[in-house]
Colleague: 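Okay, here's the structure, questions in a sec.
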Amino acid sequence: MALPVEEWRRIAARRWAALEPALRERLAAAPLGEALRVGCGLFGPEDAALRRLCGRVRTGKEPAAARFYREEGNRRFGSCRYRDAARLYSQAAAHEPPRSPEVALCFANRSAALFHLGYFEVCLEDIARAESHGYPDRLLPKVLLRKAECLLRLGRLQDATDTLTAVENKMTVDGIMTSPIHLTLLKKLNQLKIEIHEGRGCPEPSREAHVDIQRESEIWEENGSISGASSSLSLNFNTERGRHLVASQDILPGQNLLKEKAFVSVLCPGEGDSFLLQDSSETVWDTQVTNADLYCHHCLKQLLASVPCCGCSYAKYCSQNCADVAWEQYHRTECPLGALLLILGVFCHVALRTVLLAGFSEVSRLVEWSHDDSNKDLCSAETGDKLPSEALDTRAGTKGIPGCNDNGQYQSSYQAVFNLLPHVEKHSSEHKFLCMLSIVAMCKKLQETGLEAAVLNRGSSTMGSEQKTYGKTSDELSPELMIIAEAMLRHVLQLQCNAQAVTVMQELESGDGAVVNKKPVRLATAFFPVLSLLNHSCSPNISVSFSGTVATVRASQPIPSGQEIFHCYGPHRCRMRVAERQQLLSQYFFECRCQACLDELESDVESVSMRNSFCCPSCQASMQGEEMLCCSNKACALSVSRERLSRRLLDLQQQMEKALELLRDSKADEAIRVLLKCQMDARNFLSPEHLLMGELEDHLAQIYATLGKWQEAARHLERSIQLVEMHHGPSSVEMGHELFKLAQILFNGFAVSEALSTIQRAEEILSVHCGPQSTQIQELQEMKTCLLELPRSILQRT
Ligand SMILES: [Zn+2]
Ligand SMILES: [Zn+2]
Ligand SMILES: [Zn+2]
Ligand SMILES: [Zn+2]
């Protein structure tokens, strides 16, 4: 999803192939600004095709969709699937016109689902929202009674009584106390009165208490010259390694090294773009969920009761505040471009938001600065060219290092973002053409829809005179938009090497089980100018975690003074062979020379290759070969095509999905049967170390846990953990999450001593990766306290 959707990529590729060779050469060699000028003249025939593509992406508000989602929500509500219902009511609200009785109805319905989930505070917010959006008067008593009940549960007795009085008055005024609905309401009202009279508030702690509480108490000494970094780091610069961070004193595992808020981040809609483009002829809506339904468009916080954008159905926020801030800073420009931004992909979207956040004056200052020949050396200093003399002058300190301000400070600023390397000369000409055409398309649209003024941070009135020259149909872009375009093109090219994925552990929907199952998902793509200073190693010495748009970097092992700090860009030594890693790293235009790569290249022992491989379907010995696989057992010598085994694997994965579907429908026994059969099949052609074997064990553990069969659950999970340890390493964050799960299962099963030792292991690993203040550590400690306080009689039993 980083790049534009495939259809648009194909259109650009066809155009590129059809260009005169001389023009192609000229474009390939041209600086960004000049390439864009040429590109503006070329863009034309693509316009209609792009419009058609945009027509197939749904980002507007559609009444039919609202109806569909509300009905689906009601259906889920009816079968007590309140979480799903709340989500569907949110989707419905996003399609209703703002400040209408319809959207108020969605909020009121959602408040009912939230009430059942025990989120009383959020429920009250939704009721207030419903009231302020014009909730129909005749329906009000029902909602007010819910409000009273929430207040009662929250222990706010006086407020609850006041609300009840208001309901009573309302019902008397309406004067129709005889209909069956009103009679039920009356009954409810009287029942609540009794409860309040008896002071039965707060029967159970409200769920809100468990929603992420971030405690800030870690000791922290900030670096004088790198914003957000610890004082135990220093910024270095040399021809070979470019800019990089080095430990300036001994660092302990778990030590906090950097805390940085993204300069800009854009939520990724999800993986793959098949769901994005719908056939224009069909008007079928589905209940598929994307990141946009689960996380705040602005701060990336998980959504419970989202506030929809007033203009589109795509952007959803955690609060009115986020909606207002986003609108002010960038969304008023992005909102009308919704479909186009999804077509052009996340990189283009990040590029646009970056310039919107930076502001036109800063963008034009830096673009002009980059045109100055004397700064060219500085811009390309890290490509291994000759260095500007100031940078080598040690007395200058960090002053001459690209991206540092005049005081030699490196900050998370637009200047720092601008100085990240675009590697203009290393991208393929065809790729540059695609990026250029995409940026031109975006700028033309900005000019055509009159959004230019917003981009340039100007009132539209001051634009009047200029707009005459560069009107809606003009082939050319105004000089100001050309500057914006050049900056955006630079950012798109930078992103290939400098995009940082923001990932979170997403809770999997598995009912209200006692064990929380999580998987890592890519939430957003962002620029972190300080984090970008770190070079890659396949065997990194840090671990990065995210909370909203803030990245925290911790040492994952002891780092002696003088050693470089390494981040893993993706290809980790535990997960891939050296050849695969080098292949993946080629997108960053460098050959990895980390210790892990050097060791592996030398020894040519393929340690990882066995782990995710097929085995002989006849004798289970290992298989060799590329397209045609041959059994390594000479006596057997069976051969079979890789494609056939891959198909079998795909089949198996589908069966596994089916089992999970069964589990969601509360058919646990059937799900177990399907999974056990999968396991038997898998043993026939997958190596015992294959990750899928672990996944199967993991799912079995999950099902047994939902059935309360803790011993079985623990047994299966332990087998899955062995594989996770093999693939990710014994002190990896993945291992920490698995141990956390095991701890929950053992805790629930009262296996006290095993639980305590598992908690200990999980704590050791997770505190290094996520810090001692993380919610997971807090939960582990709560479990430990609880176990230690159990009466001795139970302890002795185990
Ligand atoms: Zn938010
Ligand atoms: Zn919008
Ligand atoms: Zn490497
Ligand atoms: Zn064989």
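Model, not experiment: these values are computed from the prediction. All ligand and atom numbering here is 1-based and tracks the order in the structure.
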Colleague: To the nearest 10 degrees, how large is the angle at the Zn ion (ligand 4) between Cys636 SG and Cys619 SG?
Modeller: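 Roughly 120°, rounded to 10°.
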Colleague: Could you grab the angle centred on the Zn ion (ligand 2), going from SG in Cys309 to SG in Cys335, to 10°?
Modeller: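 The angle at the Zn ion (ligand 2) comes to 110°, rounded to the nearest 10°.
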Colleague: Quick one: the NE2 of His331, the Zn ion (ligand 2), SG of Cys312 angle, rounded to 10°, please.
Modeller: 110°
Colleague: Sequence neighbours excluded, which residues qualify as side-chain hydrogen bond (donor to acceptor under 3.5 Å, both in side chains) partners of Gln653?
Modeller: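 Residues passing side-chain hydrogen bond (donor to acceptor under 3.5 Å, both in side chains) with Gln653: none at all.
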Colleague: Contact between Ser265 and His298 at the side-chain level, heavy atoms closer than 4.5 Å - yes or no?
Modeller: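 Ser265 does not reach His298 side chain to side chain.
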Colleague: Assess the pair His690 and Phe685: is the distance between their ring centroids shorter than 6.0 Å?
Modeller: no
Colleague: Using 30° and 60° as the class limits, which term best fits the ring planes of His116 and Tyr82: parallel, tilted or perpendicular?
Modeller: parallel
Colleague: State whether Cys296 contributes an N/O/S atom found under 2.8 Å from the Zn ion (ligand 1).
Modeller: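 It does; at least one qualifying atom falls short of 2.8 Å.
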Colleague: May I have the angle between Cys322 SG and Cys318 SG with its vertex at the Zn ion (ligand 1), rounded to 10°?
Modeller: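 Output for this angle: 110°, rounded to tens.
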Colleague: Strictly under 2.8 Å, is the Zn ion (ligand 1) approached by any N, O or S atom of Cys299?
Modeller: yes
Colleague: Are Phe120 and Phe115 near enough that their ring centres are under 6.0 Å apart?
Modeller: yes
